[in-house]
Amino acid sequence: WTAANDLAREGRWVWNDDDKQVLTSYWHHGEPNNYGNEDCAVLHNGKLYDFPCSHHLGYICE
Ligand SMILES: [Ca+2]
Ligand SMILES: [Ca+2]
């Protein structure tokens, strides 16, 4: 997991720590797609994917 999420407003991706918007270039092609309601972001091969927050995954700290 990363600290990026769109929990506050759907489609508005921000970083948890400073509320700055997530750059579009960080996303993998076709993401974020909010497939089945995905409000948290995982890092995979250097790109972000939105994913359901309820999944249990490892996380990255700054
Ligand atoms: Ca979402
Ligand atoms: Ca997704």
Side-chain angles (χ1 to χ4, degrees):
W1 289 122
T2 67
N5 68 81
D6 73 339
L7 288 165
R9 180 143 57 94
E10 178 54 41
R12 183 178 176 270
W13 285 87
V14 293
W15 298 106
N16 226 1
D17 52 347
D18 60 7
D19 207 42
K20 283 199 179 119
Q21 294 221 31
V22 179
L23 294 181
T24 24
S25 58
Y26 290 173
W27 296 103
H28 186 259
H29 182 73
E31 302 284 338
N33 55 10
N34 201 46
Y35 184 76
N37 195 26
E38 303 174 309
D39 295 337
C40 291
V42 295
L43 187 66
H44 179 68
N45 287 340
K47 289 289 184 182
L48 290 178
Y49 297 73
D50 63 345
F51 218 64
C53 299
S54 54
H55 279 248
H56 290 263
L57 299 169
Y59 52 85
I60 303 172
C61 292
E62 191 174 21

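Heavy atoms only: backbone and side chains are in, while hydrogens, waters and symmetry mates are out. Not measured: the values here are computed from a predicted model. In listed order, ligands and their atoms are each counted from 1.
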**Complete:** Separation between CZ (R12) and CD (Q21), nearest 0.5 Å, reads 5.5 Å

**Item:** Nearest heavy atoms of W13 and P32, plus distance in Å
**Value:** NE1-CG, 3.5 Å

**Request:** Would you confirm whether D50, through its side chain, and N34, through its main-chain N or O, come within 3.5 Å as a donor-acceptor pair?
**Result:** yes

**Message:** Distances under 3.0 Å only: what protein N/O/S atoms are near the Ca ion (ligand 1), ordered by chain and residue?
**Reply:** D6 OD1, D6 OD2, E10 OE1, E10 OE2, N34 OD1, E38 O, D39 OD1

**Prompt:** Just wondering, is there an N, O or S atom on Y35 that's nearer than 3.0 Å to the Ca ion (ligand 2)?
**Reply:** no

**Geometry at the Ca ion (ligand 2) - N33 OD1 versus E31 OE1 angle, rounded to 10 degrees** = 90°

**Asked** D18: what forms a salt bridge (charged side-chain N to carboxylate O under 4.0 Å, His left out) with it, not counting sequence neighbours?
**Response** K20

**Message:** Looking at T2 and L43, would you say the former's side chain and the latter's main chain have a donor-acceptor pair under 3.5 Å?
**Reply:** no

**Prompt:** Nearest heavy-atom pair of W27 and A41: which atoms, and what distance?
**Reply:** CH2-CB, 4.0 Å

**Asked** So, the side chain of K47 versus the backbone of E31: is there a donor-acceptor pair under 3.5 Å, distance only?
**Response** no

